[in-house]
**Q** 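Once you've had a glance at the structure underneath, I'll fire off some questions.
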Amino acid sequence: MNRRRFLRRIFVFVLAGLFMGAGFARGAAGKPSPFDVRETTIAETRAAIHSGKVTCRGLVEAYIKRVKAYDQTTHLNSMILLNPEALADADRLDEEFKRTHKMRPLHGIVVIVKDNYDTKGLQTTGGSLAMKGTVPATDAFMVKRLREAGAIVLGKSNMAEWAFSPYVTESSIAGITRNPYALDRVPAGSSGGTAAAVAASLGEVGLGTDTGNSIRGPSSHNALVGIRPTIGLTSRDGIIPLNFFADVGGPMARSVADAATVLGVVAGYDPADPITKMAEGKAETDYRKYLVKDGLRGARIGVVRRYVDDETGDPQVKALMEKAIADLKAQGAEIVDPFVIPEYDKLTERIGCVDFQKDVNTYIAEHAPNAYYKSLSEIVDSGLYLPYIEAQMKRSVAPKTEAQLARRPCVDTYHDSKKIAFRDAVLAEMEKDKVDALVYTTWSNPPRKVGDMKSPAGDNSQVLSPQTGFPAITVPMGFTHDSLPAGMTIVGRSFSEGLLIKYAYAYEQATKHRRPPAGFGPVD
């Protein structure tokens with residue numbers, strides 16, 4: 001071998017080593033090494049697709065493998081069904097990228113969708129056995145937006161039946177979902193299936209719905225970021241209702257950045273949901289611009305002590321919240337403590353107005369005309385529901401009480417006199433104290449054990465955000481009892497999602513509390 005050939009061979013070996021070190025390692029068959037989907041972000045996944053490190057098909061295959069390896073074997077039970085068209089959808093996106101060399105905003109991102117969102121061609125039941133086999137002809141508006149952005153629906157996640165419970169995620173269609181951080185614990189309700197799946201990296205991000213708790217509670221219990229948007233920022237069209245005038249859909253993710261990315265895709269005006277007219281000129285297509293590491297500098301934050309100092313709250317959760325307040329201050333926020341809402345109890349007495357029967361009947365008539373049962377009364381008569389919701393189901397079709405009739409007809413958040421009075425009171429106090437946002441513990445207690453419905457619950461989410469219509473974001477603030485997640489909620493004025501994202505991102509980046517659950521490692 002002459003000197004020139006020898007040097008050339010040495011150069012090739014060195015160059016190969018550099019490529020290996022740069023993450024371009026290849027297996028024995030010459031194929032790119034597997035892309036590890038655990039704890040990835042949307043930005044990382046998009047970069048991997050763009051560089052050729054992974055394909056959209058490869059992503060779907062990886063997540064399907066994880067669902068099959070973990071969801072039923074551990075009794076996590078987060079998924080009701082997988083989308084049989086997911087691989088075909090991935091192939092179309094791969095072909096599109098190969099042809100155009102362009103990527104859509106969520107190109108190839110694998111999404112878990114709660115089972116109360118209509119998904120074209122895919123069974124949608126609201127967790128009810130009575131709705132089994134009901135397949136929508138169209139997507140819910142938010143699902144349509146996701147698909148248009150290039151997202152792939154992996155499947156439908158389990159939920160509390162008809163979204164009734166903030167405490168558990170249990171349905172007659174699929175049974176009970178457990179918490180991946182402690183499989184003897186609950187993931188909260190009702191979007192617990194989405195939360196458990198995303199927390200265990202069975203999907204990249206997910207969609208939940210929130211009437212009084214159901215995005216923020218499960219996100220808190222699963223170390224996730226969950227956003228309940230301003231009522232009117234996202235469309236409710238094609239979502240099975242619990243309380244139409246309090247329901248709102250939003251993202252659940254492992255990072256603020258991912259939640260912000262999804263929110264920018266799904267937010268906006270939908271003619272089928274007139275309340276979203278309010279979002280015109282206020283909804284943004286890209287909330288990522290609020291991902292500012294020093295975003296808390298100069299913020300003025302009020303601490304809602306009535307939720308923090310809950311007498312039945314867990315001492316470790318309280319300690320985490322006090323540390324979170326100190327961390328906010330350390331990042332440059334000015335803390336107003338306590339923030340007190342005058343006449344809170346009087347203003348919030350009987351503030352809710354619910355007509356579940358009317359809302360469900362309207363949904364079935366407009367979105368599920370082929371459902372076997374045509375009304376809530378028929379569903380109640382069928383007996384196809386779990387015992388834990390029996391009283392609520394029967395109460396929903398019973399003659400209305402005088403108190404209920406006094407609140408009829410229910411009207412939206414912006415025209416309900418009780419909600420207007422409460423919202424005005426909160427805004428007045430925020431103005432008086434020059435407060436930009438409010439904080440408190442999302443739940444005052446750790447996740448309950450499965451089957452425990454007697455120990456203190458600690459749900460703080462039912463009133464302040466839902467009854468004002470204000471947006472709220474929950475972000476991980478650490479773990480209690482070694483492995484049980486807890487979250488901090490940040491609430492702001494209507495359509496202040498960008499500001500809340502900025503505060504949550506700055507806090508997240510300064511503390512980095514998120515960690516994956518043990519027992520859901522790589523799959524061979």
**Q** Against S78, only a single residue in T177, N222, D71, T194 fulfils side-chain hydrogen bond (donor to acceptor under 3.5 Å, both in side chains); can you say which?
**A**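 The residue from T177, N222, D71, T194 that satisfies side-chain hydrogen bond (donor to acceptor under 3.5 Å, both in side chains) with S78 turns out to be D71.
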**Q** Check whether any side-chain heavy atom of L242 sits under 4.5 Å from a side-chain heavy atom of F164, and report yes or no.
**A**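 Heavy-atom side-chain distance check passes, below 4.5 Å.
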**Q** Is there a donor-acceptor pair closer than 3.5 Å between any side-chain N or O of R38 and the backbone N or O of G521?
**A**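 Not a single qualifying donor-acceptor pair exists.
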**Q** If only atom types and distance count, is the side chain of E284 paired as donor or acceptor with the main-chain N or O of G498 below 3.5 Å?
**A** no
**Q** Please find the pair of heavy atoms, one from D184 and one from R178, that lie closest to each other, and give the distance.
**A** CA-NH1, 4.2 Å
**Q** Between the main-chain N or O of P241 and the side-chain N or O of D359, is there a donor-acceptor pair closer than 3.5 Å?
**A**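 Such a contact is absent between D359 side chain and P241 backbone.
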**Q** Residues in ring pair (Phe, Tyr, Trp, His ring centres under 6.0 Å) with Y363, at least two apart?
**A** H367
**Q** Compute whether any side-chain donor of one residue and acceptor of the other, for N460 and T441, lie under 3.5 angstrom apart.
**A** yes
**Q** Any donor-acceptor pair under 3.5 Å linking the side chain of Q123 with the backbone of G133?
**A** yes
**Q** Does the side chain of Q72 pick up a donor-acceptor pair with the side chain of N77 at under 3.5 Å?
**A** yes
**Q** Could you tell me whether K65 and E61 have a side-chain N and a carboxylate O separated by less than 4.0 Å?
**A**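 Salt bridge between K65 and E61, a charged N being under 4.0 Å from a carboxylate O: no.
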**Q** Going by the side chain to side chain donor-acceptor pair (under 3.5 Å) test, which pairs reach into residues 259-271, not counting sequence neighbours?
**A** S235-D270
**Q** Between T209 and N116, is there a side-chain donor-acceptor contact under 3.5 Å, judged purely by atom types and distance?
**A**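 Side chains of N116 and T209: pair found under 3.5 Å.
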**Q** Can you measure from OG (S191) to CG (L224) and round to the nearest 0.5 angstrom?
**A**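 So the OG of S191 and the CG of L224 are separated by 11.0 Å.
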**Q** Would you compute the distance between atom CD of E170 and atom CG of N158 and round it to the nearest 0.5 angstrom?
**A**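 Answer for the CD-CG pair, E170 versus N158, is 8.5 Å.
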**Q** Under 4.0 Å between a Lys/Arg side-chain N and an Asp/Glu carboxylate O for E280 and K277?
**A** yes
**Q** Hey, are the side chains of D459 and Q462 touching, using non-hydrogen atoms and a 4.5 Å cut-off?
**A** yes
**Q** Counting C-beta onward and ignoring hydrogens, is there a side-chain heavy-atom pair between L59 and T45 closer than 4.5 Å?
**A** yes
**Q** How many angstroms lie between atom CG of L263 and atom CD1 of I227, to the nearest 0.5 angstrom?
**A**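 If we round to the nearest 0.5 Å, L263:CG and I227:CD1 are 5.0 Å apart.
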**Q** Could you pull out the closest heavy-atom pair between T230 and P471, with the gap in Å?
**A** OG1-CD, 3.3 Å
**Q** Taking C-beta and beyond as the side chain, do I240 and T124 meet within less than 4.5 Å on heavy atoms?
**A** yes
**Q** Please evaluate residues E161 and Y385 with respect to the criterion side-chain contact (heavy atoms from CB on, under 4.5 Å), reporting the C-alpha separation (whole Å), side-chain torsions for both, the decisive distance (0.1 Å), and the verdict.
**A** CA-CA 8 Å; E161 190 162 355; Y385 44 83; 3.2 Å; yes
**Q** Any carboxylate oxygen within less than 4.0 angstrom of a Lys/Arg side-chain nitrogen, looking at D247 and R236?
**A**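 R236 and D247: not salt-bridged.
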**Q** I would like to know whether K98 and D94 meet salt bridge (charged side-chain N to carboxylate O under 4.0 Å, His left out); could you show each step before the answer?
**A** CA-CA 6 Å; K98 183 178 179 181; D94 283 330; over 6 Å; no
**Q** Return the minimal non-hydrogen interatomic distance between V317 and S444, and the atom names on each side.
**A**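 Heavy atoms of V317 and S444 come nearest at CB-O, 3.6 Å.
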**Q** First locate atom CE of M159, then atom CH2 of W162, and finally report the distance between them rounded to the nearest 0.5 Å.
**A**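 One gets 8.5 Å once the value is rounded to the nearest 0.5 Å.
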**Q** Do NZ/NE/NH1/NH2 and the carboxylate oxygens of E96 and R104 come within less than 4.0 Å?
**A**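 Salt bridge present between E96 and R104.
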**Q** Looking at S465 and F470, would you say the former's side chain and the latter's main chain have a donor-acceptor pair under 3.5 Å?
**A**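 Here the side-chain-to-backbone pair exists.
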**Q** Check this for me, if you would: do D91 and R57 make a salt bridge, where the nitrogen-to-carboxylate-oxygen distance has to be below 4.0 angstrom?
**A** yes
**Q** List in chain and number order the residues that pass salt bridge (charged side-chain N to carboxylate O under 4.0 Å, His left out) with R288, two or more places apart in sequence or in another chain; answer none if no residue qualifies.
**A**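 Result, salt bridge (charged side-chain N to carboxylate O under 4.0 Å, His left out) vs R288: D286.
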**Q** Can you list, pair by pair, the side-chain donor-acceptor contacts under 3.5 Å of residues 503-510, counting residues two or more places apart and other chains?
**A**
from : atom 1 : to   : atom 2 : distance (Å)
E508 : OE2    : V256 : N      : 3.0
Q509 : OE1    : K512 : NZ     : 3.1

**Q** Is any side-chain heavy atom of L82 closer than 4.5 Å to a side-chain heavy atom of L154?
**A** yes
**Q** Taking it one step at a time, do L207 and L146 satisfy side-chain contact (heavy atoms from CB on, under 4.5 Å)?
**A** CA-CA 10 Å; L207 286 183; L146 287 177; 3.4 Å; yes
**Q** Please check: side-chain N/O of R46 versus main-chain N/O of G108, any donor-acceptor pairing under 3.5 Å?
**A**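 Absent.
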**Q** Does NZ or CZ of R66 come closer than 6.0 Å to the centre of the six-membered ring of F520, within 45° of the ring's axis?
**A**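 No cation-pi geometry.
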**Q** With sequence neighbours left out, which residue pairs that include part of residues 471-485 fulfil the side chain to side chain donor-acceptor pair (under 3.5 Å) condition?
**A** D314-H481, Q316-H481, T442-T474
**Q** Counting C-beta onward and ignoring hydrogens, is there a side-chain heavy-atom pair between V248 and T234 closer than 4.5 Å?
**A**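 Touching, per the 4.5 Å side-chain cut-off.
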**Q** How far apart are the closest heavy atoms of H107 and F97, and which atoms are they?
**A** NE2-CB, 3.8 Å
**Q** Looking at side-chain heavy atoms only, is the closest gap between V450 and I176 below 4.5 Å?
**A** yes
**Q** Please report the shortest heavy-atom distance between I231 and P466, naming the atom on each side.
**A**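 Smallest interatomic distance, heavy atoms only, reads CD1-O, 4.2 Å.
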**Q** Is there a side-chain contact (heavy atoms from CB on, under 4.5 Å) between L202 and L76 once you walk through the steps?
**A** CA-CA 11 Å; L202 306 188; L76 184 68; 4.0 Å; yes
**Q** If you measure from the Lys or Arg side-chain nitrogens to the Asp or Glu carboxylate oxygens, is any gap between R147 and D139 under 4.0 Å?
**A**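 The answer is yes: the pair qualifies as a salt bridge.
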**Q** If you apply the rule side chain to side chain donor-acceptor pair (under 3.5 Å), what do you find for S190 with K114, and how did you get there?
**A** CA-CA 9 Å; S190 64; K114 186 178 179 180; 2.7 Å; yes
**Q** With rounding to the nearest 0.5 Å, note down the distance linking CD in E39 to CD in E44.
**A**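 It comes to 10.0 Å.
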**Q** Under the 3.5 angstrom rule, does the side chain of D258 hit a backbone N or O of T41 as a donor-acceptor pair?
**A**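 No: the side chain of D258 does not pair with the backbone of T41.
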**Q** CD1 of I490 to CD1 of I301: how many Å apart, nearest 0.5 Å?
**A**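 The distance works out to 6.5 Å.
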**Q** When you measure from the side chain of R145 to the backbone N and O of A267, does any donor-acceptor pair fall under 3.5 Å?
**A** yes
**Q** Under 3.5 Å, side chain of R297 to main-chain N/O of K293, donor-acceptor pair present?
**A**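 No; zero donor-acceptor contacts below 3.5 Å.
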**Q** Is the backbone N or O of A279 less than 3.5 Å from a side-chain atom of T276, with the two atoms forming a donor-acceptor pair by type?
**A**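 Such a contact is absent between T276 side chain and A279 backbone.
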**Q** Does some side-chain heavy atom of E204 sit less than 4.5 Å from a side-chain heavy atom of R254?
**A**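 The answer is yes; the side chains approach within 4.5 Å.
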**Q** Between R514 and V475, does a side-chain contact (heavy atoms from CB on, under 4.5 Å) hold up when you go through it step by step?
**A** CA-CA 9 Å; R514 164 73 195 174; V475 62; over 6 Å; no
**Q** Could you report the tightest heavy-atom contact between S157 and G193, atom names first, then the distance?
**A**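 Smallest interatomic distance, heavy atoms only, reads CB-C, 3.6 Å.
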**Q** Once ring pair (Phe, Tyr, Trp, His ring centres under 6.0 Å) is applied, do any residues pair with F479, and if so which ones, sequence neighbours excluded?
**A**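 By the ring pair (Phe, Tyr, Trp, His ring centres under 6.0 Å) rule, F479 matches Y181.
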